[in-house]
There are 4 protein chains.
Amino acid sequence: MPKVTQRYRDERRAAILAGALECFVSKGFQATTIDDIVKHLGISKGGLYGYFSSKEDMYIQMANKRMDEMVASLGAKFKDLPHAADRISYLFGRIKAQPLQELRKWMSFHMEFMLYASRHPELIELHNRYMDKAITLIGELIQDGIQSGEFREELDSTSASYLFWSVRDGLAFHFLLDGQDDRYAAMVDDMEDMVLRYLLKNPEALPKE
Amino acid sequence: MPKVTQRYRDERRAAILAGALECFVSKGFQATTIDDIVKHLGISKGGLYGYFSSKEDMYIQMANKRMDEMVASLGAKFKDLPHAADRISYLFGRIKAQPLQELRKWMSFHMEFMLYASRHPELIELHNRYMDKAITLIGELIQDGIQSGEFREELDSTSASYLFWSVRDGLAFHFLLDGQDDRYAAMVDDMEDMVLRYLLKNPEALPKE
Amino acid sequence: MPKVTQRYRDERRAAILAGALECFVSKGFQATTIDDIVKHLGISKGGLYGYFSSKEDMYIQMANKRMDEMVASLGAKFKDLPHAADRISYLFGRIKAQPLQELRKWMSFHMEFMLYASRHPELIELHNRYMDKAITLIGELIQDGIQSGEFREELDSTSASYLFWSVRDGLAFHFLLDGQDDRYAAMVDDMEDMVLRYLLKNPEALPKE
Amino acid sequence: MPKVTQRYRDERRAAILAGALECFVSKGFQATTIDDIVKHLGISKGGLYGYFSSKEDMYIQMANKRMDEMVASLGAKFKDLPHAADRISYLFGRIKAQPLQELRKWMSFHMEFMLYASRHPELIELHNRYMDKAITLIGELIQDGIQSGEFREELDSTSASYLFWSVRDGLAFHFLLDGQDDRYAAMVDDMEDMVLRYLLKNPEALPKE
DNA sequence: CATGAATGAGGCTTCATTCAT
DNA sequence: AATGAATGAAGCCTCATTCAT
C-alpha cells in the first residue's frame with residue numbers, strides 16, 4: 001500500500017545509492033557496514049531496507065549505474081573529437097587529470113566489485129555486458145582510425161581495444177598501492193607513447209619527449 | 001610430539017600455508033574463515049596459531065613467499081637467455097602458458113591482497129618492497145637491451161619496467177571475469193607485440209603475424 | 001520496537017546494569033562472561049552491546065553509578081546532622097548496619113575494580129575522580145568540625161579524610177574473608193573509637209564503653 | 001620411577017615458584033599465562049606441570065609460602081625491640097620504607113588472592129589460619145604494651161590487633177590506585193599517630209608533628 | 001512508510017592442559 | 001624427566017537483518 005509517489009521512491013532510492021556509494025568507495029564494500037551507510041545518510045536501517053533487499057543488492061544497483069554513466073560520458077565526449085588519435089590522447093589526458101587519491105578510491109571500488117563478481121556467476125554476465133560496451137566504444141574509435149589511415153591496417157580493433165583497457169587498468173592497479181605519486185603523470189605519458197606506437201601507422205612522427 | 005626439528009616446523013608451516021592458500025584462492029581472503037582453514041587441513045585452531053599470529057600474518061607470509069619464488073624463478077631463467085628481447089618473449093610465453101583457471105585464482109588472490117593492503121598502510125611498504133624487486137628485475141633486463149643496442153636509447157628502464165608489469169597485470173585483470181578464454185593467447189601475443197614495438201629500436205623487423 | 005523514549009533507554013540500561021551487577025557480584029568481573037549476563041537477563045548479546053560498548057564499559061558505568069549514589073546519599077543525610085561528630089557516628093552506624101553478606105559482595109566488586117583499574121591506567125583517573133568526591137565530602141565534614149571546635153586544630157582535613165576511608169575499607173577488606181561475623185559490630189565500634197580519638201579535641205569525653 | 005633426588009625436586013619446585021611469583025606479582029594471577037611463566041623461567045610447559053598440577057596449585061603454594069615468610073620475619077624482628085610502642089613504630093617505619101611501586105605489586109597480589117579465595121571456600125580456611133598468626137603476633141605486642149603500662153588498659157588486644165591490620169591494609173589499598181605518591185609518607189605518619197593515640201595511655205606525650 | 005532496538009549466528013583469538021617423543 | 005606442539009572449549013565482539021511500534 002504505497003502512500004508515496006513513484007517519483008519520490010526513485011529519488012530516494014537514488015539518494016541512498018549515492019550516499020552508500022561514498023561509503024563503499026571510501027571504505028570498501030565488505031568493510032562498510034549498514035550502520036556506516038545509515039549514519040552517513042542520516043536515515044534509519046528500516047528505511048534503507050525498504051528500498052534495497054540486502055547490502056549486496058545495493059552494491060549491484062550501484063555498479064550498474066556507475067558503468068552506465070562511464071560509458072555514456074565517454075560516448076558524448078567523442079562526438080566533439082573527429083580524429084582517432086585525438087580521442088586516444090583525450091582518454092589519456094583524462095586518466096592523467098584524475099587526482100590519484102580519487103583514482104585509488106575508484107580503483108578499489110572497481111577491483112572489489114570484480115573480485116566479488118568473480119565469486120558470483122550471475123554478476124559475471126552483468127559485468128561482461130558493460131565491458132562489451134566499453135570495448136565497443138574504443139573498438140569503434142580504432143576502427144575509425146584505421147579507416148582514416150591514422151592507424152595500422154593490421155590491427156584487430158577489438159583486440160586493440162581490449163589492450164587499451166587492460167593497459168589503463170593495469171596502470172591504475174599499480175598506483176593503487178604505489179606511493180610514487182610524482183611519477184604518475186610521466187607514467188601515463190609513457191603509456192600513451194606505447195599505445196600510440198602500437199596503433200599509429202607512422203610512429204616515427206611522435207615527439208621524442 | 002615436541003622438540004621437533006626446525007625442518008619439521010618449516011614444513012608444517014609450509015603445509016599450512018599451502019592449505020590456507022587453497023582456501024583463500026577458492027573463497028577469497030576475507031570470506032575464508034579460520035574454521036574453513038583448519039577444517040580443510042584437519043588441524044586445530046590452536047595449532048594454526050602456533051605458526052601464525054593472525055589471519056593477516058598468514059596472508060603476509062604467503063604473499064612474501066609467492067613474490068620471492070616468482071622473482072627467484074625469473075632470475076634463474078634469465079641466466080639462460082642472453083638476449084633481452086628473448087627474455088621479454090620468454091616472459092610473455094610464460095604468461096601465455098598459464099592455464100586461465102590458475103591465473104584467475106592467482107589474480108584474485110593478488111587483487112584481494114592489494115585491496116586489503118590499500119586499507120592497511122603497514123602493508124603497503126611490504127608490497128612495495130617486493131614490487132621493487134620485480135621492477136628492478138625487468139628494469140635491468142631493459143637496461144641490458146639498451147646497452148646491447150636491441151632497445152631504444154630514449155627509454156627510461158625503470159618506467160618501462162613499470163609499464164611492463166602494469167600491462168601484464170592489466171591483462172590478467174580483465175581475464176579475471178571475462179569468459180572469452182579462447183582469445184587469451186591472441187591477446188597475449190598482441191600485448192607482446194605492443195611492448196616490443198615500444199622497446200625495440202627496429203620494430204619493423206617484427207613479424208607481421 | 002524502536003523510537004522509544006529516552007526514559008525507556010535509561011531504564012533498560014539500568015536494568016541491564018542491575019542484572020550484570022548481580023552476576024559480577026556473585027562470580028566476579030573477570031569470571032563473569034557476557035553469556036552469563038545475557039542468559040541471566042534473558043536478552044541477546046547484540047542487545048547488550050547496544051547499551052554498552054564492552055564488558056569494561058559496563059563495569060565503568062556501574063562503578064560511576066554506585067559512587068554517585070553513595071556520595072549523593074551521604075551528602076543528603078549530612079544536611080540533617082549539624083554536628084561533625086554526629087556525622088562521623090552516622091557513618092559508622094551505617095557501616096555497622098550493613099549486612100556482612102552484602103558488604104562482602106560489594107567489597108569484592110570494589111576490590112576487583114581497583115585491581116582491574118590498577119592494570120588499566122585509563123581507569124585510574126576515573127577512580128581518582130570519584131575518590132576525590134569522597135575525600136572532599138569527608139574533608140569538609142572534618143573542616144567543619146575543626147571550625148566548630150569539636151576537632152583538633154592540628155588536623156589536616158584532607159589527610160584525615162583519606163585516613164577515614166582507608167580505615168573503613170581496611171576493615172571491610174578483612175571481613176571479606178574472615179568468618180568471625182559476630183565480631184564485626186564490635187570492630188566497627190572500636191574503629192569509631194579510634195577515629196574519634198584521633199579527631200576530637202577532647203577524647204576523654206568519649207564513653208569508656 | 002623418579003630418577004632424581006627429592007632434594008633436586010624440592011629446589012626446582014621452589015625455583016619455579018619464585019619465578020612464577022614474579023610473574024603473578026607483576027601481572028596478576030589471572031592475567032599471567034602459563035606461557036608467561038615458562039618463558040620467564042626458561043623452562044618447558046611439561047616441566048612445569050611435572051611439579052604443579054595446575055595454575056591454581058601454584059598460586060596456593062605460593063600464597064602459603066609468602067604468608068609464612070611475612071609472619072616469620074616480623075616475629076624475628078620483634079625480639080630486638082623490647083618496647084611495644086617501638087615495635088609499633090617499627091611496623092610503621094617498615095610500611096613507610098617500602099617503595100610504593102613494590103607495595104602496589106604486593107598489594108595487588110594480596111588482593112587478588114583474597115578475591116580468589118573468597119570464591120573458593122577451601123581457601124578461606126587457609127587464609128584465616130595465616131591471618132590468625134598475624135593477629136596473634138600483633139595481639140601479643142599490644143598485650144605486652146598494656147602490661148608494661150604503655151597502652152590503655154581498656155583495650156582488647158585482639159580487636160586492636162585486628163584494627164591495626166585493617167588500617168595498614170586500608171592505606172595500602174588506597175595507594176594501590178592513587179597517584180599522590182608524595183603524600184604517602186605523611187599519610188603513614190598520620191596513621192601511626194592515629195593508632196598510637198588509640199593505643200597509648202598518654203597520647204598527649206606525642207609530638208605535635 | 002519510517003524507526004531503531006533486538007536478534008543470534010558466526011568471526012577471531014587465547015590459553016590451560018595433555019601427551020607423544 | 002623434560003619438551004613443546006597440539007588441542008578445543010571458551011571468550012569477546014560484530015553486524016546483516018527483522019519487526020513491533
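Throughout, a chain's letter reflects where its sequence line sits, starting with A, and its residues are numbered from 1.
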So what does Ser54(A) touch, heavy atoms closer than 4.0 Å: a base, only the sugar-phosphate, or nothing?
sugar-phosphate
Answer yes or no: does a side-chain N or O of Lys55(B) lie under 4.0 Å from OP1 or OP2 of dC12(E)?
yes
Between Tyr59(A) and dA16(F), is there a contact of a side-chain N or O with OP1 or OP2 at under 4.0 Å?
no
Quick check: on DNA chain F, is the nucleotide nearest Asp36(C) upstream (toward 5') of the one nearest Gly46(C), or the reverse? Name the residue that is more 5'.
Asp36(C)
Can you check the Asp35(A) CG to dC13(F) P distance for me, whole Å?
17 Å
For dA2(E), does either OP1 or OP2 sit under 4.0 Å from a side-chain N or O belonging to Tyr8(A)?
yes
Which atoms form the tightest heavy-atom contact between Leu41(D) and Ala20(D), and what is the distance?
CD1-N, 4.4 Å
Do the side-chain N or O atoms of Arg12(C) get closer than 4.0 angstrom to the phosphate oxygens (OP1, OP2) of dA6(E)?
yes
Tell me, please, whether Phe109(D) has Arg66(D) positioned over its six-membered ring: NZ or CZ under 6.0 Å from the ring centre and within 45 degrees of its axis?
no
Categorize Thr5(B) for me: base, sugar-phosphate, or nothing, with a 4.0 angstrom heavy-atom threshold over every strand shown.
nothing
The side chain of Tyr51(A) is closest to which nucleotide in this list: dC1(E), dA2(F), dT17(E)?
dC1(E)
Leu41(B) CG to dG8(F) C1', in whole Å, measures 16 Å
Provide, to the nearest angstrom, the distance between the CD atom belonging to Gln6(B) and the C1' atom belonging to dA5(F).
13 Å
Quick one: ring-ring contact (aromatic ring centres under 6.0 Å, His included) pairs with a partner in residues 18-43 of chain D, sequence neighbours left out?
Phe24(D)-Phe29(D), Phe24(D)-Tyr59(D), Phe29(D)-Tyr59(D), Phe29(D)-Tyr116(D)
Protein-nucleotide distance (Lys27(D), atom NZ; dT14(E), atom P), rounded to Å:
12 Å
Taking the nucleotide of DNA chain E with the closest heavy atom to each, which residue, Gly42(C) or Glu56(D), is nearer the 5' end?
Gly42(C)
To the nearest angstrom, how far is Tyr49(C) atom OH from dG8(E) atom C1'?
14 Å
Please indicate whether Glu11(D) has more than 12 foreign heavy atoms, meaning atoms of other residues, nucleotides or ligands, lying under 6.0 Å from its CD.
yes
Name the nucleic acid region contacted by Gly50(D), choosing base, sugar-phosphate or nothing; use a 4.0 angstrom heavy-atom cut-off, strictly under.
nothing
Crowded around Glu56(C) CD? As in, over 12 foreign heavy atoms under 6.0 Å?
yes
From the candidates dA5(E), dA16(E), dG8(F), the one with an atom nearest any side-chain atom of Lys45(B) is dG8(F)
What does Ile34(C) touch in the nucleic acid at a heavy-atom separation under 4.0 angstrom: a base, only the sugar-phosphate, or nothing?
sugar-phosphate
Mind checking Thr32(B) for me? I need base, sugar-phosphate or nothing, with any heavy atom below 4.0 Å counting as a touch.
sugar-phosphate
Using Watson-Crick or G-U wobble pairs with both distances under 3.5 Å, give me DNA chain F in dot-bracket, 5' to 3', with [ ] for crossers and | for pairs to another strand.
.||||||||||||||||||||
Mind calculating the distance between CG (Leu48(C)) and C1' (dC15(F)) to the nearest angstrom?
15 Å
Between Gln30(D) and Ile43(C), which residue's closest nucleotide on DNA chain E lies nearer the 5′ terminus?
Ile43(C)
Quick one: CZ on Arg119(C) to OG on Ser108(D), what's the gap to the nearest 0.5 Å?
4.0 Å
Atom pair distance, as rounded to whole Å: CZ in Phe52(B) and P in dT14(E)
15 Å
Rounded to whole angstrom units, what separation is found between the NZ atom of Lys39(C) and the C1' atom of dA10(F)?
11 Å
Phosphate OP1/OP2 of dT3(F) contacted by Ser44(D) side-chain N/O (<4.0 Å)
yes
Please say whether more than 12 non-hydrogen atoms of neighbouring residues, nucleotides or ligands are located less than 6.0 Å from NZ in Lys105(C).
no
Is a side-chain donor or acceptor of Thr32(B) paired with a backbone partner of Lys27(B) at a separation under 3.5 angstrom?
no
